[in-house]
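Heads up, the thing below is written out as structure tokens.
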Amino acid sequence: MADQQQQQGADDQAAAIKEPLDLVRLSLNEQVFVKLKGDRELRGRLHAYDQHLNIILGDVEETVTTVEIDEETFEEIIKTKKRMLPYLFVRGDGVIMISPPLRT
């Protein structure tokens, strides 16, 4: 019986997704992963979005990855910086990808 209910829920959700932004709509108030231009990544709760993918995230963890070249050995040094933010407004033209939460 529980399997039938899960299948019905999955079928209802699939029927609700007709356009790409429908998947974003289904992720409101859930944790999402956002990849931005400039090697920036965000994880946070999606509070709002619009058709331009301007988004408002809450409880955000921002990760910035930089690659530096050692002048003596010419090796790449990859550095990551993380910071936590209570809220963040992201302009849509910097968004490369939004990943909704995993649904099981």
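This is a predicted model, so every value here is computed, not measured. The first residue of the sequence shown is numbered 1, and numbering continues consecutively from there.
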Worksheet item: Are Tyr49 and Leu85 grouped together when hydrophobic residues (ILVMFWY) are joined by side-chain heavy atoms under 4.5 angstrom apart?
Response: yes
Discussion item. According to a hydrophobic-cluster definition based on side-chain heavy atoms being under 4.5 Å apart (Ile, Leu, Val, Met, Phe, Trp, Tyr only), do Phe33 and Ile96 belong together?
Written reply: yes
Discussion item. Tell me whether Arg91 at atom CZ has more than 12 heavy atoms from other residues, nucleotides or ligands lying less than 6.0 Å away.
Written reply: no
Practice prompt. Could you tell me the separation between the CZ atom of Arg40 and the CG atom of Leu42, rounded to the nearest 0.5 Å?
Written response: 6.0 Å
Discussion item. If I take atom CE from residue Met97 and atom CD from residue Glu41, how far apart are they, to the nearest 0.5 angstrom?
Written reply: 7.5 Å
Worksheet item: Between Asp70 and Phe74, is there a donor-acceptor pair closer than 3.5 Å when you use the side chain of the first and the backbone of the second?
Response: no
Worksheet item: Does the side chain of Leu53 come within less than 4.5 Å of Ile98's, by heavy atoms?
Response: yes
Item to complete: Would you indicate whether the side-chain heavy atoms of Val24 and Pro100 approach each other to under 4.5 Å?
Response: no
Practice prompt. Mark yes or no for whether Lys81, through its side chain, and Thr66, through its backbone, hold a donor-acceptor pair below 3.5 Å.
Written response: no
Worksheet entry | Nearest atoms (heavy-atom pairs only) where Val32 meets Pro101 | CG1-CD, 4.2 Å
Worksheet item: For the side chain of Asn54 and the backbone of Asp50, is there at least one donor-acceptor N/O pair under 3.5 Å apart?
Response: no
Practice prompt. Kindly work out whether a path of hydrophobic side-chain contacts (I/L/V/M/F/W/Y, heavy atoms less than 4.5 Å apart) joins Leu28 to Leu57.
Written response: yes
Worksheet entry | Separation between CD of Gln31 and OG of Ser99, rounded to the nearest 0.5 Å | 11.0 Å
Response to the item:
Of all heavy-atom pairs linking Lys37 and Asp93, the shortest is NZ-O, 3.1 Å
Discussion item. Using only atom types and a distance under 3.5 Å, with no angle test, would you say the side chain of Arg45 pairs donor to acceptor with the backbone of Asn29?
Written reply: yes
Worksheet item: Between atom CZ of Arg25 and atom CD of Glu19, what is the distance when rounded to the nearest 0.5 Å?
Response: 9.5 Å
Worksheet entry | Ion pair check, Glu62 and Lys82, cut-off under 4.0 Å | no
Fill in: Hydrophobic cluster membership, Val34 vs Leu21, 4.5 Å side-chain cutoff
yes
Discussion item. Restricting to non-hydrogen atoms, name the atom on Val95 and the atom on Val90 that form the minimum distance, rounded to 0.1 Å.
Written reply: CG2-CG1, 3.9 Å
Worksheet item: Taking atom NE2 of His47 and atom CG of Leu88, what is their separation to the nearest 0.5 Å?
Response: 11.0 Å
